Structure formats: C-alpha cells, structure tokens
Amino acid sequence: MNRHVSHPASHILQRAHKSNDSRYSTQRSSRPPNSEPERRPSVTCLRCRRDGRTALRYLITLLLFQGPAQKYVYTALGQLKEDTVANVFGVVTFFKLPYRSKGTDFCSVVTILDQSNVKLKCTFFSGNQDALPRIYKIGDIVRFHRIKIQRFNDELQGISSSGFSALVFEGTVDAPLIPRTASKSYNFTTEDQKTVETLRNWQLGLQNFTSSRRNLSNVQPGQYFDLICQLVGKAEIDKASYLLKVWDGTRCSTLQWKVYVEDYALEGDRDSITRLQDLAIDVLVYDNHVELAKSLKIGSCIVIHNVHAKWHNTGGENQGHDTYLEFHLHGGTCYGRGISVPPEDDSDVKELQKVLDAVGIVSDVTTPHIQLSQMSPPFDALKRCQQLFVTVLPAHQQWQITPLNNIAKSKAPQKFRIRARLKSFQPHHLYQSVKLHCTKCNSLLDAPDEQSLTKIFEDRSNGSPITNTTNTFWYRSEVWNTGNLDNRAVAIHFVKKYDDLQNPENSLIMVEGASFKELCKLSTHFNTIIPVKSKEENLELDLSAPFLIQGKKWLYGCMKCSNIKSLEELKSLLLETGWDAMEMAKALGVELLTHLFVMNFILEDETGSLKAYLWRESERFFQIPPSEILMDSDLQEKLHMIMSVLCPSTKQIGEYPWMDCCIRSYNSNVGGKEQICYEVFDTLLSVPDLDTIK
DNA sequence: GGTTAGGCTTTG
C-alpha cells in the first residue's frame, strides 16, 4: 500500500517544496477554531522528514478529493455575535451580481435568511470576480465560510474576511446537489447536504419573498422582473445604451416597442431574427451594463435582472391610449440590476433550452410537421406560439407598431405596421374573392366560375357553326362529332411549329365548339389552348371567354383595352420555343387581365378596428396563384384552411392569432366621394400547419 | 494589508 501511494505523493511534495507553496508548509497560526483546513492543510514537508506520515495521509486525502476530517461549526443567523468570524448557511433573498467597485476589487452584496428568521446582509469583495458567490436566482442556497460579523447602521453585517469561500446550490427541491464554487477543493459532508435540503424545503413554505422571474407571457406593464432568455441579436445604440434582442419561447401579449437599428449595426443571424420577430423583445440596457452586454454571445442563455416593462410614452396627449411596452435595464446596480450568464447545467437553462428547441422546430417551416400532442410538456406556450407565426414582414419588421385608433386619425397616404386580429372578412364564399383586374383601365371584374364558363361555351357552340376549315401551312384542322344528343361538332386546329406537329404536351391548339368540360379535359393534355370561334370562314378570338388556357391557368383579356388582331399574328411566334402567354397576348393585341383575390378584412386590436383591403398583393400574401385556384380543389381547400386559422369562427376573438401587417392608406374617389382606404402590403402568411398541404 | 459598499420603494 505504502509503495503504491508514496510515488505520486512524494513527487507532489517535492514540487511543492520547490515552488514554496504555502499549502504544504507547516503553519500554525492563531486562526479561529473553524478555520480553513481545506485550503491550508497543516502538512509537514517530506524533505524535512518531520511527521512525514501525517503529510502523506493528508496528500492522499487531497488526491481522493476528500477534505480532512475537520468539522465546521455553522452559526444560525440569529446567533451571530459582533466581531467574530463565522460560517453560515442561508437562502438568498437578495443579491447584486459581482460588479467593479470604486476600489481595486469586485463587489457583491447578498442578503440571506435562515430558519431563525433573521436576515443577514453581506458585502463581499474580491479581486477575482469568480471567487464571489455564483448566485443567479433569489432562493439559491449558500454556504459561506469565514465571514466577519460586524456592526453597521445598528445592524449586524457580514463581510468577506481572509480565506472567505462560498458554495452556492440551486434552491429547488430535488435539483442536483452540485455546488457552484471557485474553490478547488472544499469540504462538503452528508450533514451539509442535509442542511441544503432542509433549507430548500423550508423556503417552499415562505410567503415573504418570491423570485421576480417572469416569462414574457406573464409580464404586467409597469413591472420590474428577472428574465431568463436567449440572446438572438444585439446592437450598439450609443455609448450609454445597448440593444439586446431576446426571447424566452413565450409571447408577450402586449404590443411591443421596437428599437430602430441600422441593418449593419445589428449582430445576429438574420433568419432567426426575422423568424422570431414576433416573439423576441427589444431590451435597452444602459451605462454600466453596456460593457457586459457587448461581450454576450449570440445564442447564449442569459438572465437580465430587474428589467423594467414600461409603457411607451408617445409624449402626445393620448397618454391613455399608449398600448405598447418598452423594456429597459436601467443603469446602476440598485435592485440587483445586471445581466448574468448561468452555467449550461443550470436547471432553468436546460428548461429554457428545451422549450426554445421545440418552439424552433414548430416554427421552422422547412422541417416536417410535428404533432404537438406528441411532445412533452410544457407546451401550452407552444400552441400559443404556433398560432402567432401567421405572418412575416419581409421588408419592414423594424417599423414601430401603430395602434389601429391612431391610423384612423392620420391623413393619407401613409404606411404603417400594425398588429391585429382578423375579426371578420368578406366575401365568405372564397370563389367570390377571385377577380380580374385590368392594370390599364383599372376595371375589376368577377372571374367567371365553373357555372358561368359552362354557360359561355354552351352559348358559343350553339351560336356559331364550325368553319369549313382547310388546312393551312401553320395549322392542321380536325373535326369531331361528339355523338351526344346535341350532335355537336368540335374542331381542333393543331398549330405547327417548324412545319411540324408537336407532341400534345408541347402543342398549341385552337378549339372551336367545345364545352367547358371538354376544354378542361383537353387542358390536361395540351400545353396551350386558344378557344376560338368562326366568323366569315375565319377563326377569331372572343374575349367573353378565356383567351388562353394553360393547365389550370385560364387567362382573360380586357374587352375595353384589347385591340384584337388576327390569329395569323401567331405565325410570328412559330419559330420560338414554348408558348409564352405574355408573348401570345402581345402578338394578338390582348390586354391581359390579372387574377387577384380581393378581400375586405376587419382588423381589430386593443384600441379599435380598421377595414383594410387585400388585393394587389393578395397572391404574395397567400402564396397561392389566384389564376389557378378556380380549377384546383386542393388550392381551394388550402385557402379555406388558411382563413379558418386566421379567423377561427368557432373560437373567441381572444384566441384568434395576431397578425403583423403592413398597411398603406390612400385617397380614393368612390362614387364622387373622397375617402381614405387601407390596403395590406408587404405581408406574407406563414402558417406552419399549412405547409404540409400542397 | 487598505479600500471598495454598506441592497430597497427604481423609470432613458
């Protein structure tokens, strides 16, 4: 046994001797009875050959990470005496994070409480910031060794004395008993474990102090609170203030104030910042906090202590209508103000990370859909979040949010960013929202639905007999008799390219006499169809029906603005590849009509409501082509689902999702009457659930 | 070895 241990031990002793390390030298001083065996074990040097066996025993003990068998005495806070040095346990009721004092050291102020119901305010100094107690949360349990008790302002006060050391434990019952400490070796007995556990249980029953930690979803305006959160962006505002963009996976239900930052000044991943724009808050930190804020790493979990949720002051008359919140970390260290970075193994950090990961997955539209019910709690917040990601502002996310009642008071034209719920919308039959718009004459027509198209083509085939066509050099004609009761004839004129007929999927055909259903069938096989009719042995366009059909796209021309030319003009396109609808419209003198969804939204926030149109940017908003939806039942279903997410009529309005929208106001003359209209622009829907629907 | 700060009714 001796042989085994003597080598490493004597090696260490020799090294200790060389470096004159006082830890291994004999030192008998007039220390208090409980003093520091863990830091300065009373060991005799091997080279001196005095009491070598004792020295070895100590070293072996040290190597095995066990403190010497010295027993510490702990004093209840109610039993402390002036001008003594004591060891104490306690629950943290207040603390200031270490900060640079005006002297040479860092300083930290900690108030603790124990079962004697006596509080002790302590002030600790150290040149090494890490040596100060690592407290992150009210309720943490601490063990202090060698604090000097003295009187100040008629109260007993604790202060760090020579050899001061601290252990800190999480205050939650059942959290791991891992001490946070800068001490390389420390004594922690099973009795100490019991003391920590007893204090954890004891503080559960305490009414008097509660942690001021809040989630963003339960912050009340005017409150000061501690926030554990992840840093997603940061930016220097000026010398005395710094911006932190943070989120905690929950959503603040009050409208928030956003700080304007030039794009180049903002640090952080743009995609994350955009994706989280509705969940992340802007916190402005001031003065002494700026230096630390600068050093924070994007993505890290931090605690901001004593954040102030303050009503935004517009400075105007309508103080009562201010509806959004600013978040500030004011300068100074009063009330424990500061920013801390808890260790990654901290229970609260792990919990936060779990929630953020899950919310991230749900909000990330590129990952497969995950059933919320398959996830473990706590995911009520998640469901809330998922609802909230319903819009994205690609261009103007830095704009401040304007309450709806302020918009109604403003003159036009102007642009705003709003946050509102969709209280109702019109038309309810979604097919009625599909319109044809002429950008030239600004006319707006209903897009013909299936029924009207059936009628249009029925009338047409009844009205005009099939031409006696002869084949020409640029098309070849075939006539079929339907063989149905109506004994109708359908003519198809196959357009040749390079003097040749193409495969159906590349072909342009001109069709005469076909019904709506037949055209639908033909459109699934042929690349492009132009419905035509005969007039005096010639084929011609008729804009009362679609001028061109390409798959699910049925395109129309403006009857007023088009200047129809002969179909022979198509010959100019015969040498080009493909059949470009725009080129064909141009060749035939057709002014194409644009398909739009035109909807009327009643938007509502806490301050009022606003009627806004969605039309010119409706395709961008829904990311559904309105030119195809009438021929595509999947797209129709998708639009229905979107509208039922935005405006779920089975729920209370309080449960409707919030939408961030850009709104522009403009003056419009309707029936000789000037009025201000509002239109949604630069806004995209982003409903993760729906991305699985194609 | 001295000094530092000595929570507290906050607010850009």
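Source: prediction; values computed, not measured. Both backbone and side-chain heavy atoms feed into the values below; hydrogens, waters and symmetry mates do not.
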- Query: Quick one: side-chain contact (heavy atoms from CB on, under 4.5 Å) partners of L97(A), sequence neighbours excluded?
  - Reply: F95(A), H305(A), S340(A)
- Message: Can you measure L325(A) atom CG to dG12(B) atom C1' for me and round it to whole angstrom units?
- Response: 16 Å
- Note on the structure: Residues at least two apart in sequence or cross-chain that pass side-chain contact (heavy atoms from CB on, under 4.5 Å) with R421(A), listed by chain then number, are I653(A), Y656(A), W658(A)
- Calculate the interatomic distance between Y260(A) atom OH and dG12(B) atom C1'; express it in whole Å. 21 Å
- Query: Can you check whether F125(A) stacks with the dT4(B) base, using ring centres under 5.5 Å and planes within 30°?
  - Reply: yes
- Length of the line joining Q223(A):CD and dT11(B):P, which is rounded to integer Å: 17 Å
- Query: Any stacking of Y224(A) on dT10(B), going by centres under 5.5 angstrom and planes within less than 30 degrees?
  - Reply: yes
- Task: Identify whether any heavy atom of K96(A) sits under 4.0 Å from a base atom; if not, whether one sits that close to sugar-phosphate; answer base, sugar-phosphate or nothing.
- Result: sugar-phosphate
- Figure out the CD/P separation between E155(A) and dA5(B), and round it to whole Å. 19 Å
- Of all the nucleotides listed (dA5(B), dG7(B), dT4(B)), which has the minimum atom distance to the side chain of C107(A)? dA5(B)
- Apply ring-ring contact (aromatic ring centres under 6.0 Å, His included) to Y224(A) and list each qualifying residue two or more places apart in sequence or on a separate chain. H308(A)
- Query: Judged by modelled atom types alone, do D192(A) and T195(A) share a side-chain donor-acceptor pair under 3.5 Å?
  - Reply: no
- Task: With sequence neighbours excluded, give me every side-chain hydrogen bond (donor to acceptor under 3.5 Å, both in side chains) pair touching residues 123-134 of chain A.
- Result: none
- Message: I need the CG-P distance between L97(A) and dA5(B), as an integer number of Å.
- Response: 17 Å
- Query: Given atom CD of Q157(A) and atom C1' of dG7(B), what is their separation to the nearest angstrom?
  - Reply: 11 Å
- Do H289(A) and Y242(A) have ring centres separated by under 6.0 Å? no
- Euclidean distance, atom OH of residue Y242(A) to atom C1' of dG12(B) [Å, nearest integer]: 18 Å
- Item | Sugar-phosphate only, base, or nothing, as touched by F124(A) at under 4.0 Å among non-hydrogen atoms | nothing
- Query: Below 4.0 angstrom from OP1 or OP2 of dG7(B), is there any side-chain N or O of K119(A)?
  - Reply: no
- Item | Partner residues of F124(A) under the ring-ring contact (aromatic ring centres under 6.0 Å, His included) criterion, sequence neighbours left out | F144(A), F164(A)
- Query: Do Q230(A) side-chain atoms and I302(A) backbone N/O form a donor-acceptor pair below 3.5 Å?
  - Reply: no
- Within residues 283-294 of chain A, those residues having any heavy atom closer than 4.0 Å to DNA chain B are Y286(A), D287(A)
- Item | hbond_proxy S241(A) side chain to dG12(B) base (donor-acceptor, 3.5 Å cutoff) | no
- Whole-Å distance between dC8(B) C1' and N153(A) CG? 14 Å
- Side chain R100(A) and base dT4(B) donor-acceptor under 3.5 Å: no
- Message: Counting only side-chain heavy atoms from C-beta out, which of dT11(B), dG7(B), dT4(B) sits nearest to K310(A)?
- Response: dT11(B)
- Listed nucleotide nearest any side-chain atom of V109(A), set dG7(B), dT4(B), dT10(B): dG7(B)
- Among dT4(B), dT10(B), dG12(B), the one nearest H328(A) by side-chain distance: dG12(B)
- Query: Among dT10(B), dT11(B), dC8(B), which nucleotide sits nearest the side chain of C334(A)?
  - Reply: dC8(B)
